[in-house]
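The block underneath contains the structure these notes are about, expressed in structure tokens.
Naming convention: chains lettered A, B, ... in sequence-line order (proteins, then strands); numbering from 1 in each chain.
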2 protein chains.
Amino acid sequence: MTTTKNIAELARELGRATGEMRMYLRQYLDMQIRLEEVDITFELLEILAYLYRKDGVNQQELADITAKDKSSMTYLIDSLVKREMVTRKEDPQDRRSKLIYLTVKGKRLEKKLGPWIVEIYEKATEGLTTAEVQQALLIVQKMNDNLRK
Amino acid sequence: MTTTKNIAELARELGRATGEMRMYLRQYLDMQIRLEEVDITFELLEILAYLYRKDGVNQQELADITAKDKSSMTYLIDSLVKREMVTRKEDPQDRRSKLIYLTVKGKRLEKKLGPWIVEIYEKATEGLTTAEVQQALLIVQKMNDNLRK
DNA sequence: TTATAATAGTTTGAATTCAAACTATTATTT
DNA sequence: AAATAATAGTTTGAATTCAAACTATTATAA
């Protein structure tokens with residue numbers, strides 16, 4: 001059977017498929033969180049994952065990277081601060097901005113959480129080449145460029 | 001500048017980029033909704049958009065297509081029923097299942113909403129070929145196949 | 001310099017999202 | 001057929017999400 005879909009329909013399907021992907025990531029990570037009894041959520045884990053690569057960034061950067069509203073980020077950072085996994089520090093260069101730093105507790109969690117993230121992405125990309133994923137990314141980036149105009 | 005990213009990093013970035021794409025779609029459609037003063041939300045519009053292509057499907061299919069939980073779908077359909085845009089009908093073939101049908105009011109809205117959706121996806125895919133988008137979709141589908149295992 | 005615009009973050013309230021536990025119905029095993 | 005598993009939908013409660021209006025600060029224009 002050959003289903004012919006127009007380009008708009010494919011774009012829509014692409015959005016759906018990545019939503020599905022996100023669902024699987026959530027399911028896997030939620031399972032690990034439950035098994036290992038870590039006091040965290042999927043959304044908070046996404047933020048920590050970025051801080052493990054780049055510590056001390058402001059909330060807007062975290063909002064951009066996770067594709068969330070800045071007010072959602074305020075809420076999520078509050079939640080991480082309550083758990084004593086990060087701290088907010090006013091940026092001395094720009095007092096509007098607050099830099100988010102991992103605490104000792106937050107850093108310690110990396111040993112546990114880091115491997116989960118590596119594992120699930122390795123599983124996702126099994127049998128794919130870097131070039132292929134890069135190509136897919138490029139397409140989506142072009143669509144974003146179009147939409148920003 | 002050449003930034004070399006590993007495949008897992010690219011996959012993550014792909015997830016982020018489609019999240020960004022969704023944000024633009026939301027912004028555009030929210031703007032139209034406000035301008036034309038239609039009593040609807042972005043999420044409800046996504047459901048109607050699917051019903052315009054395929055009316056009389058059950059809630060689970062709508063949940064799958066929008067990559068949402070089935071309980072979220074119950075809530076959203078409730079909201080559409082309240083607005084008298086769709087009705088729930090028990091499936092005579094399977095009494096567990098409820099089929100969702102557009103009402104006259106729901107159908108009438110297509111004249112207004114339909115073009116918005118066409119327009120925004122046309123804009124998104126400007127300068128791209130069907131083959132390119134298809135290719136990107138294929139990659140994401142492969143990742144989903146990997147994750148389902 | 002002063003006025004204006006842009007940016008970072010917060011707060012609020014309403015909408016949405018999700019997992020978990022549940023009921024009802026249908027499909028599959030034994 | 002009876003027991004068991006799987007599926008569709010609902011309900012609940014807690015977490016997340018978003019827009020809008022707001023404050024504080026920095027950047028840009030006049």
| Donor-acceptor side-chain pairing of A:Y24 and A:E20 below 3.5 angstrom | yes

| request: Map B:Y75 and A:Q27 onto DNA chain C by nearest heavy atom, then report which one ends up closer to the 5' terminus. | output: B:Y75

| Among D:dT17, C:dT17, D:dT10, which is the nearest nucleotide to the side chain of A:S72? | D:dT17

| task | Go through D:dT16, D:dA19, D:dG9 for me and flag the one nearest to the A:L76 side chain. | result | D:dT16

| message | Distance alone, cut at 3.5 Å: any donor-acceptor contact between the side chains of A:D64 and A:Q60? | response | yes

| note | Which of D:dT11, D:dA8, D:dT25 is nearest the side chain of B:N58? It is D:dA8

| remark: Contacts of B:E46 and A:D78 projected onto DNA chain C by closest heavy atom; the upstream (5') one is A:D78

| remark: Which of C:dA8, D:dG9, C:dA19 is nearest the side chain of A:R26? It is C:dA19

| task | Return the nucleotide paired to D:dT26: Watson-Crick means purine N1 to pyrimidine N3 with N6-O4 or O6-N4, wobble means G-U with N1-O2 and O6-N3, both under 3.5 Å. | result | C:dA5

| remark: Side-chain atoms of A:K98 come closest, of D:dT16, D:dG9, C:dT10, to C:dT10

| message | Among D:dA19, D:dT26, D:dA8, which nucleotide has an atom closest to any side-chain atom of A:R95? | response | D:dT26

| remark: Against the side chain of A:R88, the closest entry in C:dA8, C:dT10, D:dT17 is C:dT10

| said: Please pick, from D:dT17, D:dA19, D:dT26, the nucleotide with the shortest atom-to-atom distance to any side-chain atom of B:D30. | reply: D:dA19

| Exceeds 12 heavy-atom contacts within 6.0 angstrom, atom CD of A:E84 | no

| Residue closer to the 5' end of DNA chain D, A:S79 versus A:P92 (nearest nucleotide) | A:S79

| query | Out of C:dG9, D:dG9, D:dC18, which nucleotide sits closest to the side chain of A:S71? | reply | D:dC18

| task | Please evaluate the base of D:dT7 for a donor-acceptor partner in the side chain of B:R96 within a cut-off of under 3.5 Å? | result | yes

| task | Would you mind telling me which of D:dT16, D:dT17, C:dT16 lies closest to the side-chain atoms of B:E43? | result | C:dT16

| DNA chain D: 5'-proximal contact among B:D94 and A:K70 (nearest heavy atom) | B:D94

| request: Please check the phosphate of D:dA8 (OP1 and OP2 only) for any side-chain N or O of B:S97 closer than 4.0 Å. | output: no

| said: If we check salt bridge (Lys or Arg N to Asp or Glu O under 4.0 Å) with B:E46, which of these qualifies: B:R22, B:R26, B:R53? | reply: B:R22

| Distance-only, no hydrogens or angles: does the B:Y52 side chain make a donor-acceptor pair with backbone N or O of B:E110 under 3.5 Å? | yes

| said: Measuring to OP1 and OP2 of D:dT26, would you say a side-chain N or O of A:Q93 lies under 4.0 angstrom away? | reply: no

